[in-house]
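In what follows, a single structure is set out as structure tokens and then discussed.
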There are 2 protein chains.
Amino acid sequence: MSESGNAQPIYAIIATNLRERIFAGKDNPGDVLPSENTLCGRYEVSRETVRKAFKQLENEGLIYSRPHLGYFVSDPHHDEFTLTFSEEMENCWSKYRDVHGILPDEEVQEALQIPADKKVIEFSRITYDGDMPVALDIKYLPYDRAYPSVESEIRYAVFPEMAAAKVTPFDFYTKMEVRAVSARGDVAEALECGTDEPLLLIIRRFIQQDGTRIGYSKHYVRQPYGKLQGISGYRQNV
Amino acid sequence: MSESGNAQPIYAIIATNLRERIFAGKDNPGDVLPSENTLCGRYEVSRETVRKAFKQLENEGLIYSRPHLGYFVSDPHHDEFTLTFSEEMENCWSKYRDVHGILPDEEVQEALQIPADKKVIEFSRITYDGDMPVALDIKYLPYDRAYPSVESEIRYAVFPEMAAAKVTPFDFYTKMEVRAVSARGDVAEALECGTDEPLLLIIRRFIQQDGTRIGYSKHYVRQPYGKLQGISGYRQNV
DNA sequence: GAGTGGTCTAGACCACCTC
DNA sequence: AGGTGGTCTAGACCACTCA
């Protein structure tokens, strides 16, 4: 909030003025805003400068334009959250307990969209806080893709990097799913916790832009570790 | 200037060309892109047109600009997910079982940032699939704020709308937190489920832009209901 | 000093909408 | 026909970086 002189460009000032009206509730979702030419006159600036202000608000999600009609205030998306999830946990260390080729069960066949006779590599990794296991991560990758040949390389890699090894950085995206499950069988054993302890299960599917499945991961986390936090709505940061 | 039904504006063509190079891995994160003037010459267009192409890619998150240095390819954010969460569940109905003023316990005091002697309103709502309870939602609102006076209005409202009743649509945002918990005591009773059944707990804090707390909500969901799904990375939609 | 991106202007033509 | 936003031009000055 440091505005001693006038360091701000004109379009930013116009954008701020419009934004403040929306925040104050003077312009509400669905309302039409002043036209470009109106603001040109009001601020005595060129049209491109006004357009830059509108474009900025549009990028912030506050307004949208309907060609030939005008600019309108958007509906806020209070149900849409942004959150960060990473396998890496602070102050924790992890080790692979198992890396080997297997034939996929039905779940993995579906996730990687491969037939039952196509081998996959299964990576199983446990993360520890001190000597207490807090997370179990099981990954599946199609076998025919050439992953780093040296197994030692693989042992320390986490998933986005593993996927990125064979595709270009922007050529894949990830779908995630969050569930609550009880620790059971293998999982309870690996995490050295009681059956019925509630775990967060984060499932990820790594998908190439052309639809090809390049990875599947199940991440079990004991609580309160691996807390997922997100945020939604417009945050004033401009 | 190529014919053959070219509906796309020039800046979009330039953006597409740059984007395709990035997707193909010809330009990688950290790489510098051609300068504005270089592209002006290459495409024989004005500088503002080239700038529009760069601006679009910047808004897509593919590139960023460093003034006086150039445009660079971004690092992809494969750990950042977008997900949607709403109290409303498909094919389900819900009813409030309790709405009353109480004195906040420590947890609610912290969440709403109010003193122990400040009353809050507690709303407790259960969502059913048929006759089976699948979600319990408990909300807390500061008492001094004038919420819809008619209690019957409140009974059918969900949270973003309730908050929006007293603040303008863009004047608040939401922080969420996801945990796995076991059904216990009141919660198990309300959901008519066994103790130790794993539940997803979604906590939301509704915060005004000036920092004022306007709501706190705990949402317990039996599995596999209320599955949270998200997506990350660049999706080709252009 | 040459090159870069950031801002801004004063025009222009277009397609589409509403009156 | 007059208003709207979408695109585009050919200039301009600035502040900054780098060699």
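Everything numeric in this text was worked out from a predicted model, so none of it was measured. Side chains included, hydrogens not; waters and symmetry mates left out as well; all remaining heavy atoms used. In what follows, every chain begins at residue 1, and chains take the letters A, B, ... in the order their sequences are listed.
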Solution key, residues 30-40 of chain A side-chain donor-acceptor pairs under 3.5 Å, sequence neighbours excluded:
residue : atom : partner : partner atom : Å
A:Asp31 : OD2  : A:Asn28 : N            : 2.7
A:Ser35 : OG   : A:Thr38 : N            : 3.2
A:Ser35 : OG   : A:Thr38 : OG1          : 2.8
A:Glu36 : OE1  : A:Arg47 : NE           : 2.6
A:Glu36 : OE1  : A:Arg47 : NH2          : 3.1
A:Glu36 : OE2  : A:Arg51 : NH1          : 2.8
A:Glu36 : OE2  : A:Tyr71 : OH           : 2.9

Nearest-angstrom distance from the residue atom CG of A:Leu57 to C1' of D:dG5: 16 Å
Heavy-atom closest contact (B:Arg213 atom, B:Gly211 atom, distance): NH1-O, 3.1 Å
From CA spacing to verdict: side chain to side chain donor-acceptor pair (under 3.5 Å), B:Asp171, B:Gln209: CA-CA 6 Å; B:Asp171 195 27; B:Gln209 301 289 356; 5.1 Å; no
Interatomic distance where OH belongs to A:Tyr43 and P belongs to C:dA10 [whole Å]: 18 Å
Ring centre gap for A:Tyr234 and A:Phe23 strictly below 6.0 Å: yes
A:Ala12 or B:Glu36, whichever maps to the more 5' nucleotide of DNA chain C: B:Glu36
Salt bridge (charged side-chain N to carboxylate O under 4.0 Å, His left out) partners for B:Lys218, two or more places apart: B:Glu107
Report each atom pair, protein N/O against N/O of nucleotides 15-19 of chain D, whose distance is under 3.5 angstrom.
residue : atom : partner : partner atom : Å
D:dA15  : N3   : B:His68 : ND1          : 3.4
D:dC16  : O4'  : B:His68 : NE2          : 3.0
D:dC16  : O2   : B:His68 : ND1          : 3.3

Separation of D:dG6 P from A:Tyr64 OH (nearest whole Å): 13 Å
Euclidean distance, atom CD1 of residue B:Ile63 to atom P of C:dG5 [Å, nearest integer]: 10 Å
Check against ring-ring contact (aromatic ring centres under 6.0 Å, His included), A:Phe172 and B:His78: CA-CA 9 Å; A:Phe172 72 100; B:His78 287 297; 3.9 Å; yes
Interatomic distance where NZ belongs to A:Lys52 and C1' belongs to C:dG5 [whole Å]: 11 Å
Closest listed nucleotide, where the reference is the side chain of B:Arg47 and the choices are D:dC8, C:dA12, C:dT7: C:dT7
Shortest side-chain distance from B:Tyr11, nucleotide among D:dC8, D:dG6, C:dT7: D:dC8
Distance in angstrom units between B:Phe72 CZ and C:dG5 C1', rounded: 11 Å
Selected nucleotide, minimal atom distance to B:Ser35 side chain, candidates D:dT4, C:dC8, C:dG5: C:dG5
Listed nucleotide nearest any side-chain atom of A:Glu48, set D:dC13, C:dC8, D:dC8: D:dC8
N/O (side chain, B:Arg51) to phosphate O (OP1/OP2, C:dG6) under 4.0 Å: yes
Between C1' of D:dG3 and OH of A:Tyr71, the distance in whole Å: 14 Å
Distance below 4.0 Å between A:Thr49 side-chain N/O and C:dT7 OP1 or OP2: no
B:His219-B:Phe85 aromatic ring centre distance below 6.0 Å: yes
Length of the line joining B:Gln8:CD and D:dT7:P, which is rounded to integer Å: 11 Å
Side-chain N,O (B:Ser46) to OP1/OP2 (D:dG11) below 4.0 Å: no
